Amino acid sequence: MIKEVHGGNIYKFDHRMYDFSANLNPLGMPEEVKKAIVDHIDQYESYPDPFNRELTGALSRFHGVEEKRICCGNGAADIIFRAVLSLKPKRAMIVSPTFSEYGEALEAVQCRTDHYFLTEENGFVLQEDILQRINRDYDMLFICSPNNPTGVPVVGALMRRIAEKCLSEDVILMVDECFMEFLEEEEKYSLMGQIKNFPNLIILKAFTKIYAMAGIRLGYGICGSAEIAEKICSTLQPWSVSTVASKAGVAALKLNGFIEKTKAYIKENRQYLTDGMRRLGYKVYDTQANYIFFRSEKELAEPLERCDIMIRSCANYITLDEHYYRIAVRTREENAYFLRCLARITERNEEGNDGKNDNDSGNLL
């Protein structure tokens with residue numbers, strides 16, 4: 001049975017919901033990508049290219065890496081499971097709390113899993129003492145940067161030291177950079193420019209978030225060694241990327257200025273939301289991604305659903321509880337509506353009134 005552990009499940013509602021639970025680009029899927037999907041419709045009657053040659057070539061040019069270091073899949077989660085299944089680690093460490101699929105994949109191969117726990121005391125910032133934990137007892141280390149759900153990236157200098165320590169201790173390092181494009185200065189945090197220096201490194205990327213292509217399912221890994229990439233590519237079924245996804249991905253990689261426009265939009269609206277929530281008395285952490293991680297003493301998911309708003313409870317993340325939430329940065333209109341609803345819920349909580357009959361969803365437009 002599939003467990004509902006992620007955001008974005010709009011299908012359980014019979015009407016439109018304002019989805020703040022999934023961290024997608026509020027600018028939406030680019031028109032050029034939509035056009036490419038339609039323009040190539042006659043090609044969808046044939047099987048996809050099992051080697052993803054067109055897409056891999058486009059990714060090679062975009063990132064400046066050899067094609068043989070790239071493996072593509074049905075979303076980033078597919079690459080996670082493929083990597084774990086192909087490498088078969090016996091013992092691994094995860095920097096937590098974080099995305100649940102790392103642990104799910106490791107569990108599927110009966111891998112012993114340890115955790116390095118990020119703490120609220122340190123603002124959920126990864127500390128240098130992780131270097132002392134990395135040793136030959138481990139086969140793999142998983143780090144998400146910027147992290148999900150906290151939105152906090154790992155400082156570039158520390159990440160390089162981690163990669164160096166993993167290399168010296170023969171530990172494969174998987175760094176999930178699926179939200180890296182939303183950072184203002186991503187080059188200060190990403191290991192992409194140094195991938196050739198670390199044959200033990202796998203960088204996880206996806207079109208899901210930055211291009212708002214969640215329903216198309218397209219992710220990829222860039223590996224420090226061609227050998228690791230080949231192992232990942234050869235695992236599981238051969239048609240992991242549909243022709244639709246491939247054409248959409250190639251079109252997205254040709255865009256000029258879209259990522260830069262997104263960064264500016266996210267920065268402005270993240271600050272707008274953060275300022276508004278802090279004025280209402282909520283503890284908001286120093287998120288740098290396209291989502292906000294915060295704490296509330298009162299339950300918020302159900303009251304906000306009555307306003308047709310979905311948010312992400314973080315209660316199922318390891319070390320977190322029902323007081324932690326994550327919301328996506330959406331359009332200015334949606335963000336304003338969210339803050340209006342949150343203000344009314346906060347006021348009712350202070351007055352001891354749950355306001356079960358309240359619904360403001362018709363006032364957005």
Side-chain angles (χ1 to χ4, degrees), residues 6 8-11 16 19 22-83 101 176-182 192 202-223 226 229-230 232-263 265-266 290 328 331:
H6 303 295
N9 186 11
I10 60 174
Y11 307 100
R16 178 187 174 184
D19 189 4
N23 306 325
L24 306 178
N25 192 330
L27 298 181
M29 188 187 299
E31 291 301 318
E32 294 89 340
V33 174
K34 297 178 183 178
K35 184 175 185 300
I37 293 172
V38 175
D39 287 350
H40 294 93
I41 194 168
D42 289 338
Q43 297 184 29
Y44 304 152
E45 64 187 30
S46 301
Y47 281 104
D49 177 4
F51 300 104
N52 303 303
R53 280 166 279 210
E54 183 183 19
L55 176 60
T56 301
L59 286 167
S60 174
R61 293 186 293 274
F62 186 83
H63 288 292
V65 299
E66 298 171 291
E67 293 184 28
K68 63 182 181 181
R69 298 173 184 265
I70 301 171
C71 45
C72 302
N74 183 35
D78 185 35
I79 300 298
I80 295 169
F81 276 85
R82 282 171 170 259
E101 299 302 312
D176 186 338
E177 293 192 359
C178 286
F179 293 101
M180 188 63 70
E181 289 86 356
F182 293 101
M192 189 65 72
I202 304 169
I203 296 180
L204 190 65
K205 304 286 284 185
F207 290 80
T208 305
K209 315 299 182 181
I210 189 67
Y211 297 111
M213 287 166 51
I216 292 177
R217 309 307 303 139
L218 183 57
Y220 58 99
I222 297 185
C223 305
E230 184 178 5
I232 296 172
C233 288
S234 64
T235 305
L236 300 179
Q237 59 104 1
W239 299 293
S240 59
V241 177
S242 70
T243 306
V244 178
S246 179
K247 293 298 183 183
V250 170
L253 294 172
K254 293 178 181 178
L255 295 172
N256 290 315
F258 181 77
I259 292 178
E260 290 72 23
K261 180 180 178 181
T262 296
K263 289 179 189 289
Y265 193 86
I266 292 296
N290 61 319
T331 65

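Keep in mind it's a predicted model, so treat the numbers as computed, not measured.
Note that the CD1 atom of I210 and the CG atom of L255 stand 10.5 Å from one another [nearest 0.5 Å]. Atom OG1 of T262 sits about 4.0 Å away from atom CG of N25, to the nearest 0.5 Å.
Between M213 and G249, the closest heavy-atom pair is CE-N, 4.1 Å. Shortest non-hydrogen contact noted between C72 and I79 is C-CD1, 3.6 Å. Between I37 and M29, the closest heavy-atom pair is CD1-SD, 4.2 Å. Heavy atoms only, all atoms of each residue included: V250 and L55 are closest at CG2-CA, 3.9 Å.
Pairs of residues two or more places apart, or lying in two chains, that qualify as ring-ring contact (aromatic ring centres under 6.0 Å, His included) and include a residue from residues 42-79 are Y47-W239, H63-Y220. Within the structure, salt bridge (charged side-chain N to carboxylate O under 4.0 Å, His left out) pairs that include any residue of residues 243-254 comprise E54-K247 (at least two apart or interchain).
K68 meets the side-chain contact (heavy atoms from CB on, under 4.5 Å) test with E66, A226; sequence neighbours excluded. Annotation: ring pair (Phe, Tyr, Trp, His ring centres under 6.0 Å) contacts of F258 (sequence neighbours excluded): Y211. Among residues two or more places apart in sequence or in another chain, the side chain to side chain donor-acceptor pair (under 3.5 Å) test is passed with N52 by none. For R53, the side chain to side chain donor-acceptor pair (under 3.5 Å) partners two or more places apart in sequence, or in a different chain, are D49. Contacts of S234 classified as side-chain contact (heavy atoms from CB on, under 4.5 Å), with partners at least two apart in sequence or in another chain: none. In this view, E230 satisfies the side chain to side chain donor-acceptor pair (under 3.5 Å) rule with no residue, not counting sequence neighbours. Contacts of F179 classified as ring pair (Phe, Tyr, Trp, His ring centres under 6.0 Å), with partners at least two apart in sequence or in another chain: Y291. Applying the side chain to side chain donor-acceptor pair (under 3.5 Å) test to K34 and every residue at least two apart in sequence or in another chain returns E31. Under the rule for a salt bridge (charged side-chain N to carboxylate O under 4.0 Å, His left out), the partners of E181 that lie at least two apart in sequence or sit in another chain are K205. Residues satisfying the salt bridge (charged side-chain N to carboxylate O under 4.0 Å, His left out) criterion with R82, sequence neighbours excluded, are D78.
Side-chain contact check for P26 versus I266: some heavy-atom pair is nearer than 4.5 Å. Between L24 and K209, some side-chain heavy-atom pair lies under the 4.5 Å cut-off.
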- request: Show your working on side-chain contact (heavy atoms from CB on, under 4.5 Å) between T235 and F81 and close with a plain yes or no.
  value: CA-CA 9 Å; T235 305; F81 276 85; over 6 Å; no
